[in-house]
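Treat the numbers as computed from the prediction; the structure is a model and nothing was measured. Chain letters run A, B, ... following the sequence lines, proteins first and then strands; every chain starts at 1.
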2 protein chains.
Amino acid sequence: MATVSIKEVAHRARVSVGTVSNVLNGRATVAAATRRRVLDAIAELGYVRNDSARQLRAGRSRTVAMVALDLANPFFTDVMRGAEIAAEHGGVNVMVFNSGEDPRRERRHLDLLSQQRVLGVLITPVDETHDAHLDGLVERGIPVVLVDRGSSSFHRCSVAVDDVLGGRLAGDHLRGQGHHRIAFAGGPFSLRQVADRHAGLTAALGDGPPPRLVTTSNLSVAAGRNAGREIADLPADARPTAVFCANDLIALGVLQEMTTRGVRVPHDVAIVGYDDIEFAAAAAVPLSSVRQPREQLGRAAAQLLLEEVNEPDTHQHRHVVFRPELVVRRSSSPSTRTTT
Amino acid sequence: MATVSIKEVAHRARVSVGTVSNVLNGRATVAAATRRRVLDAIAELGYVRNDSARQLRAGRSRTVAMVALDLANPFFTDVMRGAEIAAEHGGVNVMVFNSGEDPRRERRHLDLLSQQRVLGVLITPVDETHDAHLDGLVERGIPVVLVDRGSSSFHRCSVAVDDVLGGRLAGDHLRGQGHHRIAFAGGPFSLRQVADRHAGLTAALGDGPPPRLVTTSNLSVAAGRNAGREIADLPADARPTAVFCANDLIALGVLQEMTTRGVRVPHDVAIVGYDDIEFAAAAAVPLSSVRQPREQLGRAAAQLLLEEVNEPDTHQHRHVVFRPELVVRRSSSPSTRTTT
DNA sequence: CGCCCGAAATGAAACGTGTCAACCCACATC
DNA sequence: GATGTGGGTTGACACGTTTCATTTCGGGCG
């Protein structure tokens, strides 16, 4: 109840508040005996520093914030873990906020963060195009790093994965397995990720027939089931022999619907997903998937942010792009044994 | 760059700082014309309130923290969503921290939170028994609500689910399906959840043979695969005809291993999981599972916290226990069609 | 003995708010 | 004209730190 301040510590240790502060901040100018007295007093009183007062004085916090698009998607929790590791390494704390794809929630969080004068913000924004709020932060001296978004802006750093390449990897693989009728399942195409992955697939197919499009309204498992139903209902001779999904959640839905309807995977239809979340390898038919370096993504984002925080003057904004990697499992390769 | 304070706003609007503060806090005593001038000045200068100063003055933050055990587990993100909804409703912000089952990380987060004088803490602690740090928070006037932990302590509220009942539901169901040789897969038993679920199953089996134990070292998919291998390798006449898993992740691992080894689910072996995470319904053989009211859990926790925050004097600590519910899908019932 | 030096400790100022008693002033009342 | 009245506004203080110029003090040196 009784909140104890530095003043009471000073009184109990029979020193001035300045000295207590010096002890707390590890300055050299305090004698060993005095330091001892102060530390004892702190322990006896159960004193805890008041962060608000520190921040007020310092003008800035020691914490960065991460605003995630959807923490229910395992992809983002992995990115988060990477960011936490890097931030921890740099001696700053991370607090996480979840926008849940709701622009108003995102807006509320950002307002709070600028009031808190956080050190910086990692964000996967809900709406990629309309980011006036982010510019507002930057104007107030709060660096922003975009995560999993190619940045159109030069006001900030960004980290992303080359999704066109990812689509191409999937396409090359499926062609190499002898597939010609290939479908793409995913949506909406307003998401850059979806459009890029589709473009990569199309490019890989070259002068062959373009992929059949099975559009979904979002990237959930339920949407994948709908897509799977649509595909399974096609007459066998028109049905694609392979499906590349914009996302592992979609792929899981497609897979489930195939199994339910007696379409064998990979014998009748091969499936390749995207993200390589943990549940991809754990599916009843282990899922081939284009792996994104999720933790590395988060780590790189946090490092860019720290760099900008520590050297605001010399800092040059950068846009880091990672290369994805195809992981082949049984869903697209009959001969493959389970490998995890 | 130039951080603008309430003083400059006051100067520009030709009023005193007190008046600006009154406008900001919506007091009635300020004339319409004056309010207008102040608001204009705020807009022109791009003024943003300094939260540190407000907190310092108020002595307390307007934010609660949630410290999750493992955000990579979909269970916790669902709980989080529930808590966010309730907190939002009560007009407080939520920030999320992830301990990742690391006691040191948890400790660091809690230290930070007490320095920040947060309004309250929702936490699923790493170690249920050793919670001196939590008592420390409570002593400093920061209410703590335990999530998904039956509380042994009377110093705080808690919300949990009746896991013994959950185990019993699963056991009754499997017996009703005519199973007699039933196994329990999960561990470690030091987790109350695991022990309770096992106890419920055992109780449901009554005077029949007790469940065969397949112990795992943790609750991940990989651990489930090991358990599944162990079960599949048993001679068919000794093999259990049903497996109740401590967790959906375990269940997914068991399921995968069964399918790989040609053991048909549910024909040869029935499976029931626990939690009913989204991926349970999406498994290639949709998984029966004991559903916990995850969002409701989070909501209740946040409500208890708000109650304690708003009425510290009259507040009585409570321990809310929810009833789980069995969701039957194909993995334990051959006749069931997929229902989501 | 006087002087100076450096190490150690001090105390006041400042950070940006919210609060609240005091004040101002126009107007109504007697 | 003196006295209220009450809506609007003010200004000083307090919150808990950190910082830094200043003070104190013991002792070495000339």
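Residue N22(B) contributes atom CG, which lies 12 Å from atom C1' of dT17(C) at whole-angstrom precision. The interatomic distance linking H11(B) (NE2) with dG11(D) (P) rounds to 13 Å, in whole Å. Going from atom NZ of K7(B) over to atom P of dA12(D) covers 12 Å, rounded to whole Å. Separating the CD atom of Q55(A) from the C1' atom of dC15(D) is a distance of 15 Å, rounded to the nearest angstrom. Atom pair L56(A):CG and dG18(C):P shows a separation of 12 Å (rounding to whole Å applied). With rounding to whole Å, N50(A) atom CG is found 13 Å from dC15(C) atom C1'. Atoms CD (Q115(B)) and P (dC15(D)) sit 20 Å apart, rounded to a whole Å. Distance CZ (R14(A)) to P (dT24(D)): 20 Å, rounded to an integer number of Å.
Across the interface with DNA chain D, nearest-nucleotide mapping of T29(B) and R57(B) shows T29(B) to be the residue nearer the 5′ end. Summary of the strand contacts: S16(B) and R117(B) both lie near DNA chain D, and taking for each the nucleotide with the nearest heavy atom, the more 5' one is attributed to S16(B).
Here the nucleotide nearest the side chain of I6(A), chosen from dA9(C), dT19(C), dT18(D), is dT18(D). Closest to the A31(A) side chain, of the nucleotides dT18(D), dA8(C), dC15(D), is dA8(C). Of all nucleotides listed (dT18(D), dT17(D), dT9(D)), dT17(D) comes nearest to the side chain of A53(A).
Within the 4.0 angstrom heavy-atom criterion, only backbone atoms of the sugar-phosphate kind lie near T34(A); the bases stay farther away. Across all strands shown, R35(A) has no heavy atoms under 4.0 Å from either base or sugar-phosphate atoms. Residue V17(B) is out of contact with every strand shown, counting any heavy-atom pair closer than 4.0 Å. In this structure, S5(A) reaches the sugar-phosphate backbone alone: every heavy-atom distance under 4.0 Å involves primed, P, OP1 or OP2 atoms, never a base.
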Discussion item. Could you go through T3(B) and R117(A), starting from their C-alpha distance and side-chain angles, then the distance that decides it, and tell me whether this counts as side chain to side chain contact (heavy atoms under 4.5 Å, CB included)?
Written reply: CA-CA 10 Å; T3(B) 162; R117(A) 307 292 198 265; 3.9 Å; yes
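At dT10(D), one or more side-chain N or O atoms of T19(B) fall inside 4.0 Å of OP1 or OP2 (strictly under the cut-off). A close approach under 4.0 Å does not occur between any side-chain nitrogen or oxygen of R49(A) and OP1 or OP2 of dG16(D).
Under 3.5 Å, the side chains of Q193(A) and D148(A) contain a donor-acceptor pair of N or O atoms. There is a side-chain donor-acceptor pair under 3.5 Å between Q55(A) and D51(A).
Here H319(A) and H317(A) keep their ring centres 6.0 angstrom or further from each other.
Taking a cutoff of 4.0 Å between a charged side-chain nitrogen and a carboxylate oxygen, R156(A) and D135(A) qualify as a salt bridge.
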